[in-house]
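Within every chain, numbering begins at 1; the chains are lettered A, B, ... in the order of the sequence lines, protein sequences first and strands thereafter.
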2 protein chains.
Amino acid sequence: MPQGLPMREKIIAAAEKRVRNAGFPAMSFRDVAQDVGIKSASVHYHFPTKEDLGEALLDSYIERFRARLEAIPQDNLKAALDQFIELYGDGLVMDEAICLCAILGAEALGLPADMNRKTRAFFEMNADWLTALFARHGHEEETDLSITIVSALEGAIIVASSSSDRTLFEKVAATVPLIAGRTLGHAP
Amino acid sequence: MPQGLPMREKIIAAAEKRVRNAGFPAMSFRDVAQDVGIKSASVHYHFPTKEDLGEALLDSYIERFRARLEAIPQDNLKAALDQFIELYGDGLVMDEAICLCAILGAEALGLPADMNRKTRAFFEMNADWLTALFARHGHEEETDLSITIVSALEGAIIVASSSSDRTLFEKVAATVPLIAGRTLGHAP
DNA sequence: TGTATTCTACCTATCGATAGGTAGACAATT
DNA sequence: AATTGTCTACCTATCGATAGGTAGAATACA
């Protein structure tokens, strides 16, 4: 049955795509079922409620992102920051969709608390990674700069998305390293 | 019959609140109708389709924001920037909801093109205001900095919203002026 | 002025489509 | 035989949207 992936993973992938393109309320069991070639009742077998599916979506996304973060060597500050920023751009251009947590964060006020906790954890993971990078290079406790960079990149994805204009994201992506360099007080 | 506001404006206000709390797909004619005390068919009388209502929402929001932007005196750079940032924080704390264009931007890939054009126009209006402010004080063509600041503030609203933690927004709000100051200080 | 007409702002009732979710049969694997 | 996965068939609730009607205010005409 599973061609390439087990059904559970196929469902998660299809649901993620739908959420990242239109939001959580706009993703339906029927659409996802059709995407993977089964009936909606069978999706309920794997994920009893929509919230279950939403949490699985977040777990999968966060773990994938964590793996890519941990794969970035932190020994060169400038290079590491560039690769970090590239992660955000990759999601935009490869998946032609916005960051899962950008849309789930925007819709947070209407979502279950458990999903919001995971969304928050995603942003924290990203900011903590930056804070650790800065600390590694002699800049302790630059937490505000970290949060600001994560915010700028997530915001840039949204601004670019509404315009279908990727260059808007790239302008922010190019500005963030300049800002970081000046804030940390030395040329890279 | 109109208590305080004409019905059309009451509908727009109610619909805006719903969209800013849960997203465009999650806003329904029935809920809005109940909010203002009429039937859903009567909402269709004022706004034939959901897209019509969505565009009216954006028009109203953008004009309100434009008025507040134009009310900020630009003769003092630091004071003007502070007031600009305060506009974003006001939306968060007063309405206890995120920026309308933050959520419509996040959901853009699943929305009608005409709505996306208006959402884009909102971001442009904000970035253009900042660019004009910087130009007024001798820093020409700082468009990338402007877009980055708008992105950071919109992103901060989203990050803070998922955490129900307003201090996260305030950290970014405090960092943005420092960044602007250093960037403009280094400008040619 | 009085009458006829149109417009405004709602109503009830209903449409087909779709939402999330459930029960139980069926087939395959172990 | 038991478990796993998917199916058909169905549920209730709700979606956006439409049809057709109505009371009252405004407008046009004699």
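- Put simply, CZ on B/R18 is 16 Å from C1' on D/dG16, counting in whole angstrom units.
- Out of D/dA17, C/dG21, C/dC10, the shortest distance to the side chain of B/R30 is found at D/dA17.
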Take B/D82 and B/K78 through the salt bridge (charged side-chain N to carboxylate O under 4.0 Å, His left out) test and state the conclusion after the steps.
CA-CA 6 Å; B/D82 283 345; B/K78 169 98 180 82; 2.9 Å; yes

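- Residue contacts for B/F29: at a heavy-atom cut-off of 4.0 Å it reaches the sugar-phosphate backbone alone, with no base atom in range.
- In this structure, A/H44 atom NE2 and D/dT12 atom C1' are separated by 13 Å, rounded to whole Å.
- As a whole-Å value, the separation of A/D31 CG from C/dA19 C1' is 10 Å.
- Residue-to-nucleotide proximity on DNA chain D shows that, of A/A41 and A/Y45, the 5′-proximal contact is made by A/Y45.
- B/K50 comes within 4.0 angstrom of the backbone, heavy atoms only, and of no base.
- B/S42 comes within contact range of at least one nucleobase, with a heavy-atom separation under 4.0 Å.
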Would B/T119 and B/N116 count as a side chain to side chain donor-acceptor pair (under 3.5 Å) if you check the C-alpha gap in whole Å, the side-chain angles of each, and the deciding distance to 0.1 Å?
CA-CA 5 Å; B/T119 303; B/N116 288 343; 4.9 Å; no

Any chance you could lay out the salt bridge (charged side-chain N to carboxylate O under 4.0 Å, His left out) test for B/R18 and B/D35, step after step, and finish with the verdict?
CA-CA 10 Å; B/R18 294 236 168 222; B/D35 290 342; 2.8 Å; yes

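- Whole-Å rounding puts the A/K10 NZ to D/dT6 C1' distance at 13 Å.
- One finds a side-chain N or O of B/H46 lying less than 4.0 angstrom from the OP1 or OP2 phosphate oxygen of C/dC10.
- The minimum heavy-atom distance between A/K50 and A/F24, with the atom names listed, is NZ-O, 3.0 Å.
- Per the geometry, CE belonging to B/M27 stands 8 Å off P belonging to D/dG16, to the nearest Å.
- Between B/F65 and the choices B/W129, B/Y88, B/F84, the ring-ring contact (aromatic ring centres under 6.0 Å, His included) rule is met once, by B/Y88.
- When rounded to the nearest whole Å, the span between CZ of A/F24 and C1' of C/dG20 equals 11 Å.
- When each of D/dC7, C/dC10, C/dT12 is scored by its nearest atom to the side-chain atoms of A/K39, the top-ranked nucleotide is D/dC7.
- Distance, B/R8 CZ to C/dC10 P: 13 Å, rounded to whole Å.
- If you take CD of B/Q34 and C1' of C/dC10, they are 17 Å apart, rounded to a whole angstrom.
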